[in-house]
Amino acid sequence: LIRHLRRLNIPVMTIVHDATNHPGDRYQLINRLQRSIIGHSIAVITLTDFVARSLRSQGRLENKIHRTIPHPALIFPDLNRASPQPTEYPRRTPLRLLLTGRLRRYKGVGLLLDAIAGIDPARLSVAIAGSVNDRALLARAKDMAQVDMAAGWLSEKAFVAHIDWSDVVVLPYLESRQSGIIPTAYGPPRPAPATIWASTRCSTR
């Protein structure tokens, strides 16, 4: 399609989500296609400076118009949701934490389970919603009283229902470049604490 557009002298601009694979992703064909698409584009948009730096270090932004435009809040207007209101704290006990998305190894499900182990379920309720491909983690999560598992693909409606349920959307990631979960948490404003890795040490922000 892009080659055809180029032959018609129609300029192509590409939004790039990630510059390289995350741990656990094996989509090498997609990476090759992405390189080809960028090569046929006159302009590239990234959503974070980190991805822009990665692409630049790979030489993939040479002779390209480039801009970094932060991801706006995702509000899913087709679902006719109520207007988002700032969250008031404390809202309730137990506090509701949500980890959601495509929960590959780099999303840190195990790190979250380590962090909440031993916390009284009367104080903390945790939902893990999305496709988890690690059976050991699934079994471990199901054995924890404060964790509710909703494993598998989520429709937009189910995804948003989990966001609306939560008080806090957590990102215990081992690695990430520009997560779409954060702008989703912006829609009905929710805190979105994330792990920050430096060398072998981890802290939260």
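- A chain of hydrophobic side-chain contacts below 4.5 Å, direct or via other Ile, Leu, Val, Met, Phe, Trp or Tyr residues, connects Leu74 to Leu79.
- Sorted by first and then second residue, the salt bridge (charged side-chain N to carboxylate O under 4.0 Å, His left out) pairs with a member in residues 134-148 read Asp114-Arg140; sequence neighbours excluded.
- Minimum interatomic distance between Gly39 and Lys64 (heavy atoms only, all atoms of both residues): O-NZ, 3.0 Å.
- Contact annotation: the side chain of Ser166 approaches that of Arg190 to within less than 4.5 Å [non-hydrogen atoms, C-beta and beyond].
- Atom CD1 in Ile163 sits 7.5 Å away from atom CZ in Phe76 (nearest 0.5 Å).
- Here the CZ-CZ distance, from Arg60 to Arg35, works out to 6.0 Å after rounding to the nearest 0.5 Å.
- Between Thr68 and Phe50 the shortest side-chain heavy-atom distance does not fall below 4.5 Å.
- With rounding to the nearest 0.5 Å, the separation of CD1 in Ile128 from NZ in Lys107 is 12.5 Å.
- Looking only at distances, no side-chain donor or acceptor of Thr14 sits under 3.5 Å from a matching main-chain atom of Ile38.
- Between Ala19 and Val51 the shortest heavy-atom distance is N-CG1, 4.1 Å.
- In this structure, Arg56 and Leu61 approach most closely via the heavy-atom pair NH2-CD1, 3.9 Å.
- The hydrophobic clustering, which links ILVMFWY residues whose side-chain heavy atoms are closer than 4.5 Å, places Ile15 and Ile65 apart.
- With values rounded to the nearest 0.5 angstrom, Asp164 atom CG is found 11.0 Å from Arg96 atom CZ.
- Remark: of the listed residues Leu99, Leu98, Val147, Ile119, Val147 is the sole one forming a side-chain contact (heavy atoms from CB on, under 4.5 Å) with Val126.
- Follow the hydrophobic side-chain contacts under 4.5 Å out from Val16 and you never reach Ile69; the two are in separate clusters.
- The distance from the OG atom of Ser131 to the CG atom of Leu103 is 6.0 Å, given to the nearest 0.5 Å.
- Rounded to the nearest 0.5 angstrom, Thr195 OG1 and Leu171 CG are separated by 7.5 Å.
- No path of Ile, Leu, Val, Met, Phe, Trp and Tyr side chains, each step under 4.5 Å between heavy atoms, connects Ile45 with Ile182, placing them in separate hydrophobic clusters.
- Looking only at distances, no side-chain donor or acceptor of Gln34 sits under 3.5 Å from a matching main-chain atom of His17.
- Apart from Ile2 itself, the hydrophobic cluster it occupies contains Leu1, Leu5, Leu8, Ile10, Val12, Ile37, where clustering links Ile, Leu, Val, Met, Phe, Trp and Tyr at side-chain heavy-atom distances under 4.5 Å.
- In terms of heavy atoms, His71 sits closest to Leu47 at CD2-CD1, 3.4 Å.
- Between Gly110 and Leu137, the shortest heavy-atom distance links the atoms CA-CD2, 3.7 Å.
- Residues Leu138 and Ala151 share a closest heavy-atom pair of CD2-CB, 3.8 Å.
- Side-chain atoms of Leu29 and Arg32, non-hydrogen and from C-beta on, do get closer than 4.5 Å to each other.
- At least one side-chain heavy atom of His66 sits under 4.5 Å from a side-chain heavy atom of Thr46.
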